[in-house]
Amino acid sequence: MEGDAGDSLVTIKNIERELICPACKELFTHPLILPCQHSICHKCVKELLLSLDDSFNDVGSDNSNQSSPRLRLSSPSMDKIDRINRPGWKRNSLTPRTMTLPCPGCEHDVDLGERGISGLFRNFTLETIVERYRQAARAATAIMCDLCKPPPQESTKSCMDCSASYCNECFKIYHPWGTVKAQHEYVGPTTNFRPKILMCPEHETERINMYCELCRRPVCHLCKLGGNHSNHRVTTMSSAYKTLKEKLAKDIDFLIGKESQVKSQISELNLLMKETECNGERAKEEAVTHFEKLFDVLEERKSSVLKAIDASKKLRLDKLHTQMEEYQGLLENNGLVGYAQEVLKETDQSCFVQTAKQLHLRIQKATESLKSFRPAAQTSFEDYVVNTTKQTEVLGELSFFSNGVDIPEINEEQSKVYNNALISWHHPDKEKADSYVLEYRKINRDEEMVSWNGIEVCNTSKIVSNLESNSHYAFRVRAYKGSICSPCSRELILHTPPAPVFSFLFDEKCGYNNEHLLLNLKRDRVESRAGFNVLLAADRIQVGYYTSLDYIIGDAGITKGKHFWACRVEPYSYLVKVGVASSDKLQEWLRSPRDAASPRYEQDSGHDSGSEDACFDSSQPFTLVTVGMKKFFIPKSPTSSNEPEHRVLPMPTSIGIFLDYDKGKVSFYDMDHMKCLYERQVDCSHTMYPAFALMGSGGIQLEEPITAKYLEYQEGM
């Protein structure tokens, strides 16, 4: 028995690293199971959510033009804790907000749902193992009886129903024979008490009795009947228990049976580590040798270039020095001039001619030198400027020999930029690459070239965050096989949105017409259904018929700053309007739906002329553009003389809307090329909301923010 106890103690000690919280790096305390199946302390979850809440508020307060549009009041920490613990807290008092949390275990964002922490299960099994570990670590520390009068006796058992520890005498007193308490479950002394029955976090009065195979979590029968798991495949708890236990036991037996194999592999790894150390040092020596050869070549070229410059300099200085001596002689001719003046005083013609002939030649030579002055050599050394641009670029690309590692190709169709940049690439032979390095830099055309930033990636896609708004970025990728890398791929240039991305969903309450519009569960897609009521009303077309524009707005408003969002209009859509509208104008539209002058009701005049877009003055509190029949219609302006064909553009795949609240301006973009198609002033004296309208058949899909969850979905596709 002592040997078994010793083995148990060793086993408990060996699993210590499995009992450490990835957030606080300490033993788990009240661990919770996240949707990604990793566990984390209850207090750590709270601290992470509080830190995310604080950082979100800090970002909103730091950016004067990019601050959050939602009105926030500074609240004490206890208020934050209460808000995090309270399920279904509201965003802008319109809709419940779902919480996301970066898991410290897998570093992916996990969705906690609307209930937040209260929707997570407590990992009682892990908690029990941690408690056993603690007891093994402090075996000398006894657990005392909770009911003894001072001094308390050492406990001999703990009651799981009473959540207390007892000595033998106290246990007999408080659990008398023949009473209900005598039936309580008791175990050895412990401080870890857990409920005998797991209750559902969603339905607190219901017991857990099923297991959702899709979500991989226990559920109750109400969750299956009408809750979030109604369409999921579930199994009984006993069946799930049996299946999972058999799988776990089988895997454990497999690992135990492979103990000798693991030991041999550890020995092999030790040899590989030593071999890697030797090969690494050898590779460093070879690299130093190659660089020294380059240094020698550079030194040789440097010496040759400097000698050529020195030779040219000496030749030019000699020429200039000779010329200077000639002109120095001109200064000495001042005596010659005086002598010539005296000769001019000679009156005897024969004597004058005899003397003046030689004197005239000397003066004529000096006169010609003054008339045609030109330096004997150039002072500029422009021809001797060393151009190292190409060589610098080549040296910057200096890398290990590719040795057959193919160049990856960036997939332009799957790569995109929104709130973050998603870069995807294709590699002809993935098995020939161990990893990739994604490099990116901002393109600044006015200043010096910005250096590349590198990110090591193990798969073929990566999300790049913290990019500046309204900027061009270049991306490229290279593949690595061990220490060997491929050349860089062709660069991809992406233009970031002109402002931070504004996050919102469709509002299913304010003005939403569920008879004509169909909203999906995620509230990021809406479709218009031309139903039976429209056909019944069509008999009025002979006397003038007005077709309804069904409006739907975003569930969050904007009160300051610059914001950008995007949506996709389905190609089959007949008529769709997208843009912004103020809160007071929305109330006016929704309170008087039968006003024919309201933009909510417009005559069905077709798309050929775009006549639905009336001319409004510059102080209008809304701006909407018309999209439909695979066309984008630029609204008329009072001063515009454009013909209708100049106002009709092909419909972009995705339409971006940029609102500058402080300047009162809204712009519409082609997201594929980040090109502004149309902009105008808008009255922003009230809260502005993203506004949409549909008539006839049509659909609008909000652009999904690029997150780690989005990346997992793309990889699954």
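Between A421 and F475, the shortest heavy-atom distance links the atoms CB-CZ, 4.0 Å. Annotation for K560 and Y661: closest pair CA-CD2, 3.6 Å, computed over non-hydrogen atoms. Heavy atoms only, all atoms of each residue included: G557 and F502 are closest at O-CZ, 4.0 Å. Residues F121 and R217 share a closest heavy-atom pair of CE1-NH2, 3.1 Å. The heavy-atom pair separating E570 from S573 by the smallest distance is O-OG, 2.8 Å. Between P35 and D111 the shortest heavy-atom distance is CG-O, 3.4 Å.
Under the 3.5 Å distance criterion, the side-chain polar atoms of S471 are matched with a main-chain donor or acceptor of S469. When atom types are taken as modelled, the side chain of Q37 and the backbone of R216 share a donor-acceptor pair closer than 3.5 angstrom. Under the 3.5 Å distance criterion, the side-chain polar atoms of S303 are left unmatched by any main-chain donor or acceptor of E300. Side chain of S415 to main chain of N411: a donor-acceptor pair is present (N/O by atom type, distance under 3.5 Å, no hydrogens or angles).
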List, one per line, each side-chain donor-acceptor pair under 3.5 Å for residues 24-34, sequence neighbours excluded.
from : atom 1 : to   : atom 2 : distance (Å)
K25  : NZ     : P22  : O      : 3.1
H30  : ND1    : R122 : NH2    : 2.9
H30  : ND1    : E127 : OE2    : 3.3

Mind listing the side-chain donor-acceptor pairs of residues 247-257 below 3.5 Å, one per line with the distance, residues two or more places apart or on another chain?
none

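For N231, the CG atom is loosely surrounded, since the number of other residues' heavy atoms within 6.0 Å does not exceed 12. Enclosure of atom NZ in K43 by more than 12 non-hydrogen atoms of other residues, nucleotides or ligands within 6.0 angstrom is indicated. Atom CZ of F291 has 12 or fewer neighbouring heavy atoms from other residues, nucleotides or ligands inside a 6.0 Å radius. Under a cut-off of 6.0 angstrom, the local environment of CG in L271 is crowded, with over 12 non-hydrogen atoms contributed by other residues, nucleotides or ligands.
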CA sep, side-chain torsions, deciding dist, call: Y480, D434, side chain to side chain contact (heavy atoms under 4.5 Å, CB included): CA-CA 6 Å; Y480 277 82; D434 297 331; 5.7 Å; no
Check the pair I700 / F506 against side chain to side chain contact (heavy atoms under 4.5 Å, CB included), numbers first and verdict last. CA-CA 10 Å; I700 303 174; F506 287 122; 4.1 Å; yes
Show the numbers, then the answer: is there a side chain to side chain contact (heavy atoms under 4.5 Å, CB included) between R525 and L519? CA-CA 6 Å; R525 178 181 176 83; L519 192 61; over 6 Å; no
Assess the residue pair V578 and C567 against the criterion (side chain to side chain contact (heavy atoms under 4.5 Å, CB included)); give the C-alpha distance rounded to whole Å, side-chain angles, the decisive distance to 0.1 Å, and a yes or no. CA-CA 9 Å; V578 297; C567 63; 4.0 Å; yes
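Put simply, the side chain of V580 reaches to within 4.5 Å of the side chain of W565, judged on heavy atoms. Inter-residue side-chain proximity for P497 and F658 is flagged as unmet; no heavy-atom pair is nearer than 4.5 Å.
In this structure, N419 CG and T496 OG1 are separated by 11.5 Å, a value rounded to the nearest 0.5 Å. Here the straight-line distance linking atom SG of C488 with atom CG of L438 works out to 10.5 Å at 0.5 Å rounding. To the nearest 0.5 angstrom, L494 atom CG is 5.0 Å from I423 atom CD1.
Between D662 and K562 no salt bridge is recorded (no basic side-chain N to carboxylate O distance below 4.0 Å). Salt bridge E468/K442: present, at least one basic N to carboxylate O contact under 4.0 Å. Salt bridge annotation for K416-E703: present, with a cationic side-chain nitrogen under 4.0 angstrom from a carboxylate oxygen.
Aromatic rings from W425 and Y436 are positioned such that their centres are separated by under 6.0 Å.
S465 and N420 share no donor-acceptor pair across their side chains, judged by distance under 3.5 Å alone. Using modelled atom types and a 3.5 Å distance limit, the side chains of S39 and N123 yield a donor-acceptor pair.
In this pair, F668 and Y678 present their aromatic rings parallel. The plane angle is below 30°, not in the 30 to 60° band. Relative ring orientation between H495 and H472 is described as parallel, the plane-to-plane angle staying below 30° on a 0-90° scale split at 30° and 60°. Below 30°, between 30° and 60°, or above 60°: for H229 and H232 the angle between ring planes is above 60°, a perpendicular geometry.
Under the salt bridge (Lys or Arg N to Asp or Glu O under 4.0 Å) criterion, the residue pairs touching residues 255-266 are E259-K263, with sequence neighbours excluded.
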